[in-house]
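Structure record follows, encoded as structure tokens.
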Amino acid sequence: MAVQTVASTTDSAAGTSVDLGPAAALSCRECGHRVPLGPVFACEECFGPLEIAYDFSAYDTEELRKRIEAGPANIWRYAPLLPVPADVATKPNLNPGWTKLVKADNLARELGVDAGKLFVKDDSGNPTHSFKDRVVAQALEAARAFGFTTLSCSSTGNLAGAVGAAAARAGFRSCVFIPHDLEQGKVVMAAVYGGELVGIEGNYDDVNRFCSELIGDPAGEGWGFVNVNLRPYYAEGSKTLAYEICEQLGWQLPDQIVVPIASGSQLTKIDKGLQELIKLGLVEDRPYKIFGAQAEGCSPVSTAYKAGHDVVRPQKPNTIAKSLAIGNPADGPYVLDIARRTGGAVEDVTDEQVVDAIKLLARTEGIFAETAGGVTVGVTRKLLESGALDPSLTTVVLNTGDGLKTLDAVAGTGLTATIRPSLDSFREAGLA
Ligand SMILES: *Cc1c(COP(=O)(O)O)cnc(C)c1O
Ligand SMILES: [Zn+2]
């Protein structure tokens with residue numbers, strides 16, 4: 001393979017040269033203004049969000065494919081397409097990714113999808129049991145490159161755990177912020193890695209606002225907020241979901257993909273990942289549709305989608321799908337663009353439908369999803385019923401987290417019977 005272009009730049013935090021592999025610059029998604037790689041996230045010209053621009057021009061398609069296939073069974077097999085140094089696999093991190101793509105024929109039968117066409121990408125198999133390990137792994141490399149010593153974030157729960165674990169393994173201090181009323185599973189999972197965990201009296205949007213203030217204050221100096229000042233790097237981690245899905249399908253695009261929406265970052269980067277694979281020639285260029293999934297109790301994007309709006313009006317969240325409870329989603333308008341451009345849609349389901357969908361996935365495929373997975377499976381069912389999803393096409397549904405973190409959602413589930421340890425008692429209970 002041809003030697004990859006290495007971008008070097010001087011960053012403002014540490015004043016050192018950074019090597020983030022094929023990442024060439026930061027580019028504004030609104031006006032295209034470019035700035036050198038650094039811990040910045042908003043355009044100085046128009047305040048638009050910055051994202052990573054790459055130079056992939058040196059890559060030969062077949063050499064790149066071989067290099068990926070020979071790589072480790074984690075996200076670093078895609079290092080040539082990520083903002084990370086070439087030797088990233090040797091650094092202490094959680095090595096997330098390469099999770100299972102499960103052919104879900106039992107679920108397909110229940111939902112009326114053709115046999116062999118429905119897949120669940122099960123990201124509960126990551127080190128801290130949610131997809132967030134993918135994004136944190138990228139932010140961690142940026143934090144190393146920029147000389148930060150504390151890792152932080154505003155979180156709806158899963159991110160706090162992912163940051164705590166990654167910081168512990170990499171030897172960073174961590175201090176993370178969450179709404180004070182999250183599920184116990186999420187709180188314990190975030191606290192157990194030994195970092196500082198701060199509950200904020202307010203919802204996620206309040207937490208996020210607080211973190212933005214902290215970044216501008218001397219108290220936040222030297223802090224890398226993975227989803228705020230390191231957001232351009234963090235966001236790229238979601239591309240690995242798109243890469244893995246295509247590679248696991250035999251280097252093919254799925255026809256339809258159903259993605260949960262919190263801030264909307266993951267959905268936009270899955271689209272970016274698919275586009276990159278097409279441009280690199282790693283998959284055949286043909287149409288695909290991206291569908292977004294929300295809970296009705298926090299559905300600012302699906303509400304805007306259905307109303308035909310380009311802007312997203314903030315909502316006050318009230319849903320059991322707390323990991324998706326972002327009332328003011330930063331990437332909402334971009335999600336609307338992508339759903340409309342690809343011919344997809346954005347839909348929402350009630351909390352009751354979320355619970356039903358969690359149980360449906362569990363009893364058909366043996367996968368216990370957190371509430372966010374209930375949202376995507378529930379929305380998949382609804383979109384099949386409405387005809388928006390085509391049951392004859394290859395469809396991938398994302399499960400982004402583990403049901404053990406949101407046990408309360410299925411709290412009514414439990415013992416079938418309680419019996420004395422005797423065969424008589426067993427027969428009396430009608431179980432023979
Ligand atoms: C964070 C999260 C998402 C999606 O987040 P975005 O902000 O939209 O990228 C999806 N599922 C789970 C379980 C999450 O924790
Ligand atoms: Zn701009």
Side-chain angles (χ1 to χ4, degrees), residues 26-35 40-51 53 99 121-126 128-136 138-139 153-163 178 182-183 185-186 189-190 204-205 208 226-228 231-232 234-241 258-272 290 292-295 298 300-301 312 319-332 334-335 338 346 354 358 369-377 379 397-406 409:
L26 291 166
S27 158
C28 174
R29 263 199 278 184
E30 289 297 322
C31 76
H33 178 69
R34 279 164 85 105
V35 294
V40 288
F41 56 103
C43 175
E44 60 201 351
E45 300 286 324
C46 77
F47 301 108
L50 297 175
E51 69 175 351
T99 55
K121 178 62 173 169
D122 188 11
D123 243 18
S124 66
N126 276 310
T128 69
H129 306 279
S130 88
F131 109 97
K132 289 296 197 302
D133 293 319
R134 295 176 185 275
V135 283
V136 169
Q138 315 304 312
C153 67
S154 53
S155 171
T156 56
N158 284 318
L159 185 57
V163 166
I178 57 174
L182 288 185
E183 303 96 332
K186 299 262 171 74
M189 188 87 194
Y204 173 81
D205 299 289
N208 203 36
V226 301
N227 58 335
V228 190
R231 190 172 184 83
Y234 159 99
E236 294 296 292
S238 291
K239 295 192 309 182
T240 58
L241 271 164
V258 185
V259 183
I261 301 168
S263 72
S265 172
Q266 181 187 48
L267 188 146
T268 64
K269 297 302 171 179
I270 285 175
D271 179 59
K272 189 181 185 203
I290 300 188
Q294 295 207 292
C298 182
V301 187
V312 172
T319 169
I320 58 167
K322 294 187 180 183
S323 57
L324 304 181
I326 298 186
N328 189 11
D331 288 290
Y334 299 107
V335 169
I338 290 165
V346 187
V354 170
I358 291 172
E370 78 139 86
T371 45
V375 168
T376 53
V377 172
V379 161
V397 180
L398 262 53
N399 172 40
T400 47
D402 193 321
L404 287 173
K405 291 202 219 181
T406 58

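Side-chain atoms are counted along with the backbone in the values below, which use heavy atoms only and exclude waters and symmetry mates. Just so you know, ligand 1 is whichever comes first in the structure, and atom 1 is the first atom listed for that ligand.
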* **Distance filter under 2.8 Å, centred on the Zn ion (ligand 2) - protein N, O or S atoms that pass it** => Cys28 SG, Cys31 SG, Cys43 SG, Cys46 SG
* Under 4.0 Å from ligand 1 - residues by heavy atom, chain and number ->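 Answer by chain and number: Phe131, Lys132, Asn158, Pro260, Ile261, Ala262, Ser263, Gly264, Ser265, Gln266, Ser323, Leu324, Glu370, Ala372, Thr400.
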* Among all residues two or more places apart in sequence or in another chain, which pass the side chain to side chain donor-acceptor pair (under 3.5 Å) test with Thr406? -> none
* Not counting sequence neighbours, which residues clear side chain to side chain donor-acceptor pair (under 3.5 Å) with Gln294? List them please. =>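 Applying side chain to side chain donor-acceptor pair (under 3.5 Å) to Gln294 gives none.
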* Asked: Given side chains that start at C-beta, do those of Val163 and Ser155 come closer than 4.5 Å, heavy atoms only?
  -> no
* To do: Would you check if the side chain of Ser265 reaches a backbone N or O of Ala235 as a donor-acceptor pair within less than 3.5 Å?
  => no
* Pro260: which of Thr371, Leu324, Val397 passes side-chain contact (heavy atoms from CB on, under 4.5 Å) -> Leu324
Classify the side-chain pair [X]/[Y] by whether it contains a donor and acceptor separated by less than 3.5 Å.
| X | Y | value |
| --- | --- | --- |
| Ser130 | Glu370 | no |
| Ser154 | Asn227 | yes |
| Thr99 | Asp123 | yes |

* Do you know which two heavy atoms are closest between Asn399 and Gly373, and how far apart they sit? ->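 Smallest interatomic distance, heavy atoms only, reads OD1-CA, 3.4 Å.
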